[in-house]
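Data block below; observations after.
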Amino acid sequence: MDKNERRISWYSSLLIALLVNTPKLLALREKGILAQYWHFNPLELLYQFLFNLLFCGLIFQLNLNPSSRLSIYREKNKISLYVILNALIFFFAVFVGGVLQNKLFFTPQLPKVYLAGNFVRLFLSSILTGILIKIVLLVRSSKNKEVENEQLKMAYMQTELELLKEQMNPHFLFNSLSSLSGVIRENPALAQKYVRDLSTVFRYALNRSKNNLVTLSDELTMLKAFARLITMRLENAFKMEINIPAEVLNYKLPHLTLQPLLENAVKHNAATLTKPLNVKLYMDDDLLVLRNNLNEIPTPESSNGMGLANLNERFKIMVKQEIEISKSQNGFLVKIPLKA
């Protein structure tokens, strides 16, 4: 609970306590109906008011504090436990409040009215409190979505800018155009395919998805085009193996996930005919895995290390999970969660 939510909780508790206890003031009228059954006692009214105030404050605290068990059950959609615990708190408060009131302000004429009266007051308080809790949760959810959208926009813009820099810098263009010029001289037909693949890569990178989530099938189409560009450049020093079952092709992941990972593998590893760069993409249970062998370049191209960090940030916001990165003598491995 933030400061504003705490203020709302206590102001609402105060208002509810006043509303449900105000009818007791009717006992001040000597000929009134209530005065015939209940003698006005300011101390008893003060007790009822304070008990109601504390009850409402407790309900707000237990239901709005993110670390409370009730909030945890609600967030995990354990609705049955959530309702049962709230009901137990309600009945416990009814019993304790009625017993204490009976001990402190016992009236021989109506000894059983305390529990019934306490039940009615707390029941009405619970309904009003529940409505206000729902309103606070809706406002909180709206704020969280706004914050997430802003974080997502910033993370996406940083990733998109970094990718465009990676693709548009002179080094990338030099390698691409140098490979293209060589292919044109040796194989004009292959050069046309190269241009098409290069166009596919740039078009996909520049076309931003409306919701920033794309199907694995779309990502693979772009990845294969990018892999063909690398193959034309490195020839037999680069090998790409993709083994993805058809049933997961419609699963979703953030736009521009796989291409930066493949580019990262090419950028940080030497690729020769004797020690080719082998990249594999496959499923491990419900995780997409991209793995490459290690033949690290002593002085790789400059990198600020933000690519993987930004990618992980987008996954936390959009998929509610993080990517897993591991490095060993056998290779570099990235495990990617997918959204069904």
Side-chain angles (χ1 to χ4, degrees), residues 151-152 154-156 158-163 165-167 172 201 205 212-227 229-231 234 237-272 274-340:
Q151 291 176 342
L152 178 59
M154 291 181 64
Y156 190 92
Q158 289 173 353
T159 303
E160 189 174 42
L161 178 60
E162 183 177 347
L163 180 61
K165 286 180 179 179
E166 192 75 43
Q167 293 179 337
F172 179 84
V201 171
N212 294 328
L213 285 174
V214 296
T215 63
L216 178 56
S217 177
D218 289 340
E219 278 284 299
L220 288 177
T221 300
M222 189 268 199
L223 183 70
K224 291 174 182 177
F226 188 69
L229 293 178
I230 297 174
T231 300
L234 301 179
F238 171 76
K239 297 179 181 178
M240 180 83 190
E241 181 182 335
I242 299 176
N243 185 17
I244 303 297
E247 56 266 23
V248 300
L249 291 179
N250 288 325
Y251 285 13
K252 293 188 176 182
L253 69 169
H255 183 228
L256 298 176
T257 292
L258 299 179
Q259 187 274 340
L261 294 177
L262 179 56
E263 176 69 15
N264 187 67
V266 174
K267 182 168 63 176
H268 289 86
N269 292 278
T272 64
T274 55
K275 291 184 178 181
L277 175 62
N278 295 308
V279 180
K280 295 183 179 181
L281 187 69
Y282 57 93
M283 293 296 298
D284 183 8
D285 293 331
D286 57 346
L287 295 175
L288 179 66
V289 179
L290 190 143
R291 179 175 184 172
N292 63 270
N293 61 319
L294 284 179
N295 187 19
E296 292 182 289
I297 300 173
T299 55
E301 299 175 35
S302 61
S303 173
N304 57 15
M306 291 298 293
L308 291 176
N310 284 336
L311 180 62
N312 190 54
E313 188 66 24
R314 287 200 291 145
F315 267 86
K316 285 195 293 185
I317 296 172
M318 300 169 67
V319 187
K320 307 301 181 184
Q321 296 184 65
E322 297 187 44
I323 61 175
E324 299 178 25
I325 302 171
S326 60
K327 182 179 179 181
S328 66
Q329 293 181 348
N330 296 326
F332 188 83
L333 184 144
V334 181
K335 292 186 176 181
I336 305 164
L338 299 176
K339 192 169 184 178

query: Can you list every side-chain hydrogen bond (donor to acceptor under 3.5 Å, both in side chains) pair that touches residues 317-332, not counting sequence neighbours?
result: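 Of all non-adjacent pairs touching residues 317-332, those that pass side-chain hydrogen bond (donor to acceptor under 3.5 Å, both in side chains) are E148-K320, E296-K327, N312-E322.
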Quick one: does any side-chain atom of [X] pair with a main-chain N or O of [Y] as donor and acceptor, under 3.5 Å?
X: Q259; Y: F226; answer: no
X: E241; Y: L281; answer: no
X: N269; Y: N295; answer: yes
X: R314; Y: H255; answer: yes
X: N293; Y: N278; answer: yes
X: T231; Y: A227; answer: yes

Can you tell if the side chain of [X] reaches within under 4.5 Å of the side chain of [Y], non-hydrogen atoms only?
X: F238; Y: P276; value: no
X: M240; Y: I230; value: no
X: V279; Y: L262; value: yes
X: V334; Y: V289; value: no
X: L277; Y: V266; value: yes
X: N292; Y: N264; value: no
X: P254; Y: L213; value: yes
X: I336; Y: F315; value: yes

First locate atom [atom1] of [X], then atom [atom2] of [Y], and finally report the distance between them rounded to the nearest 0.5 Å.
X: L290; Y: K280; atom1: CG; atom2: NZ; answer: 12.0 Å
X: I325; Y: F332; atom1: CD1; atom2: CZ; answer: 5.5 Å
X: K335; Y: M283; atom1: NZ; atom2: CE; answer: 11.5 Å
X: L288; Y: E219; atom1: CG; atom2: CD; answer: 9.5 Å
X: E313; Y: M318; atom1: CD; atom2: CE; answer: 12.0 Å
X: L338; Y: N250; atom1: CG; atom2: CG; answer: 11.5 Å

message: Can you give me the closest heavy-atom contact between A271 and A237, atom names plus distance?
response: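 So the minimum-distance heavy-atom pair works out to CB-O, 3.4 Å.
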L311 vs L256, side chain to side chain contact (heavy atoms under 4.5 Å, CB included): CA-CA, chis, key distance, verdict: CA-CA 9 Å; L311 180 62; L256 298 176; over 6 Å; no
message: Between T272 and T274, do the side chains contain a donor N or O and an acceptor N or O under 3.5 Å apart?
response: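 Yes - a donor-acceptor pair under 3.5 Å links their side chains.
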message: Can you confirm whether the side chains of T215 and D218 place a donor and an acceptor under 3.5 Å from each other?
response: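 Yes, because at least one side-chain N or O of T215 sits under 3.5 Å from a partner of the opposite role on D218.
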